[in-house]
Enquirer: 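Let me begin by handing over the structure; questions about it come next.
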Amino acid sequence: MARKKKAATATNTRAKNLVTKNNPKSPIAEQFRTIRTNLQFTSVDKDLETIVVTSANPSEGKSVTTANVAVVFAQQGKRVLLVDADLRKPTIHYTFRVPNTIGLSNYLIGAQKVSEIASHTDLNKLDVITCGPIPPNPSELLGSNKMKEFIEEAKHTYDMIIFDTPPVHAVTDSQVLGNFVDGVLLVVRSKQTEKDSAVKAKEQLEQSQANILGVVLNDQDIKSSNYYYYYGQ
């Protein structure tokens with residue numbers, strides 16, 4: 001059986017902001033819309049409802065990519081929930097300037113509903129759930145039945161649920177959560193992520209039975225590149 005081709009997209013997220021929201025007509029914003037299109041083409045048999053975004057190593061643009069991908073899906077008209085599932089070094093509350101007093105960790109150990117911990121953003125159709133208090137056992141919480149309940153509950157309200165997770169080589173969190181979602185998007189950084197590191201991250205995700213949707217090549221110098229995006233195995 002032929003394997004489904006995965007999308008690999010070149011982008012540049014050096015600007016640490018929501019470029020898709022603040023400058024939607026920019027070339028970088030257009031690259032994120034290309035990522036959105038590629039993701040939609042990877043799932044032709046059923047709707048793509050849940051995505052984990054991770055990276056091989058820290059500081060490769062994972063969280064900025066996650067936030068901007070969430071924005072472009074919301075701009076398309078989908079009801080989007082962006083979840084900070086990096087229960088070790090959360091950043092989503094900084095990006096969207098929302099409180100982090102209550103969030104995902106509270107749901108996983110308590111009795112809150114998704115609607116009680118979700119924060120509205122100033123972008124129509126985009127809500128966020130922050131990390132909440134950092135727990136001592138992130139991997140166990142993300143791999144729990146309560147996490148499965150969270151996903152199923154969120155599906156009743158949202159068309160798309162996007163999770164920002166820690167890097168693959170740092171901890172097993174993204175691999176654990178990858179088993180519960182429709183697919184995983186891997187972010188690597190041009191001129192920083194070593195090829196062996198990227199390949200190893202891919203192998204680790206595959207070993208955990210995660211469905212790798214594609215790879216985002218971050219900080220690629222588009223001017224010196226002869227491609228905009230490409231498809232590869």
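Residue numbers count from 1 along this sequence.
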Enquirer: Kindly check if the number of other-residue, nucleotide or ligand heavy atoms within 6.0 Å of NZ (K148) is above 12?
Expert: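 Counting other residues, nucleotides and ligands, NZ of K148 stays at 12 neighbours or fewer.
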
Enquirer: Under a single-linkage definition using a 4.5 Å side-chain heavy-atom cutoff for Ile, Leu, Val, Met, Phe, Trp and Tyr, are I109 and L177 assigned to the same hydrophobic cluster?
Expert: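 In one cluster: yes.
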
Enquirer: For the residue pair I212 and E206, what are the closest heavy atoms and their distance?
Expert: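 Scanning both residues, the minimum pair turns out to be CD1-CG, 3.7 Å.
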
Enquirer: Does atom CG of N23 have more than 12 heavy-atom neighbours from other groups under 6.0 Å away?
Expert: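 Buried by this count: over 12 neighbours within 6.0 Å.
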
Enquirer: Do other residues, nucleotides or ligands put more than 12 heavy atoms under 6.0 Å from the CD atom of E194?
Expert: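 Atom CD in E194 is not crowded, with 12 or fewer foreign heavy atoms closer than 6.0 Å.
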
Enquirer: What are the two closest heavy atoms between T130 and I102, and how far apart are they?
Expert: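 Of all heavy-atom pairs spanning T130 and I102, the closest is OG1-O, 3.2 Å.
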
Enquirer: Is it the case that the side chain of S55 and the backbone of P167 share a donor-acceptor pair, with hydrogens and angles ignored and the cut-off at 3.5 Å?
Expert: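 No, the answer is negative, given that no donor and acceptor are paired below the 3.5 Å cut-off.
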
Enquirer: Return the OG1 to CD1 distance between T65 and I35, rounded to the nearest 0.5 Å.
Expert: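 That separation rounds to 6.0 Å.
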
Enquirer: So which heavy atom on N100 is nearest to which on C131, and how close?
Expert: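 Smallest heavy-atom distance, with atoms named: OD1-N, 3.4 Å.
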
Enquirer: Distance from L126 atom CG to H120 atom NE2, nearest 0.5 Å?
Expert: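 Atom-to-atom, L126:CG and H120:NE2 are 11.0 Å apart.
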
Enquirer: Please check this pair: side chain of Q204 against backbone of Q175, looking for a donor-acceptor N/O pair closer than 3.5 Å.
Expert: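 No, Q204 side chain to Q175 backbone: no donor-acceptor pair under 3.5 Å.
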
Enquirer: Please answer whether the main-chain N or O of E60 pairs with a side-chain N or O of N218 as donor and acceptor at a distance below 3.5 Å.
Expert: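 Such a contact is found between N218 side chain and E60 backbone.
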
Enquirer: Any idea which heavy atoms bring A154 and L81 closest together, and the distance?
Expert: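 For A154 and L81, the tightest heavy-atom pair comes out as CB-CD2, 4.0 Å.
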
Enquirer: Which atom names give the shortest non-hydrogen contact between V171 and P166, and what distance separates them?
Expert: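 What the structure gives for the nearest pair is CG2-CB, 3.6 Å.
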
Enquirer: Could you measure the distance from the CG atom of L82 to the CZ atom of F96? Nearest 0.5 Å is fine.
Expert: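 Atom-to-atom, L82:CG and F96:CZ are 5.5 Å apart.
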
Enquirer: Say whether, by atom type as modelled, one donor and one acceptor occur between the side chain of D182 and the main chain of I51 under 3.5 angstrom.
Expert: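 Between the backbone of I51 and the side chain of D182 there is no qualifying donor-acceptor contact (under 3.5 Å).
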
Enquirer: Using only atom types and a distance under 3.5 Å, with no angle test, would you say the side chain of N179 pairs donor to acceptor with the backbone of S208?
Expert: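 Indeed, once roles are kept as given, a pair shorter than 3.5 Å links the two residues.
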
Enquirer: I'd like to know if the side chain of S63 pairs up with that of D164 as donor and acceptor (distance under 3.5 Å, no hydrogens or angles considered).
Expert: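 Indeed, the side chains of S63 and D164 share at least one donor-acceptor pair under 3.5 Å.
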
Enquirer: Do side-chain atoms of T50 reach the backbone of I161 as a donor and acceptor pair under 3.5 angstrom?
Expert: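 No, T50 side chain to I161 backbone: no donor-acceptor pair under 3.5 Å.
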
Enquirer: Side-chain heavy atoms under 4.5 angstrom apart, residues restricted to Ile, Leu, Val, Met, Phe, Trp, Tyr: same cluster for L87 and F180?
Expert: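 Both belong to a single hydrophobic cluster.
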
Enquirer: Of the non-hydrogen atoms in K125 and K78, which two are nearest, and what is the gap between them?
Expert: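 In this case the closest contact between K125 and K78 is CB-O, 3.4 Å.
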
Enquirer: Would E203 and K200 satisfy salt bridge (charged side-chain N to carboxylate O under 4.0 Å, His left out), going step by step from the backbone distance to the final call?
Expert: CA-CA 5 Å; E203 292 174 347; K200 184 178 179 181; over 6 Å; no

Enquirer: Between D173 and S139, do the side chains contain an N or O donor and an N or O acceptor separated by less than 3.5 Å?
Expert: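 A donor-acceptor contact under 3.5 Å links the two side chains.
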
Enquirer: Restricting to side-chain hydrogen bond (donor to acceptor under 3.5 Å, both in side chains), what partner residues turn up for D84, sequence neighbours left out?
Expert: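 Once residues adjacent in sequence are excluded, D84 has no partner under the side-chain hydrogen bond (donor to acceptor under 3.5 Å, both in side chains) criterion.
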
Enquirer: Does T165 use its side chain to pair, donor to acceptor, with the backbone of D86 at less than 3.5 Å?
Expert: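 No, because the side chain of T165 does not come within donor-acceptor range (under 3.5 Å) of the backbone of D86.
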
Enquirer: Of I162, L123, V98, V80, which is the lone residue that meets side-chain contact (heavy atoms from CB on, under 4.5 Å) with V128?
Expert: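 Option passing the side-chain contact (heavy atoms from CB on, under 4.5 Å) with V128: V98.
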
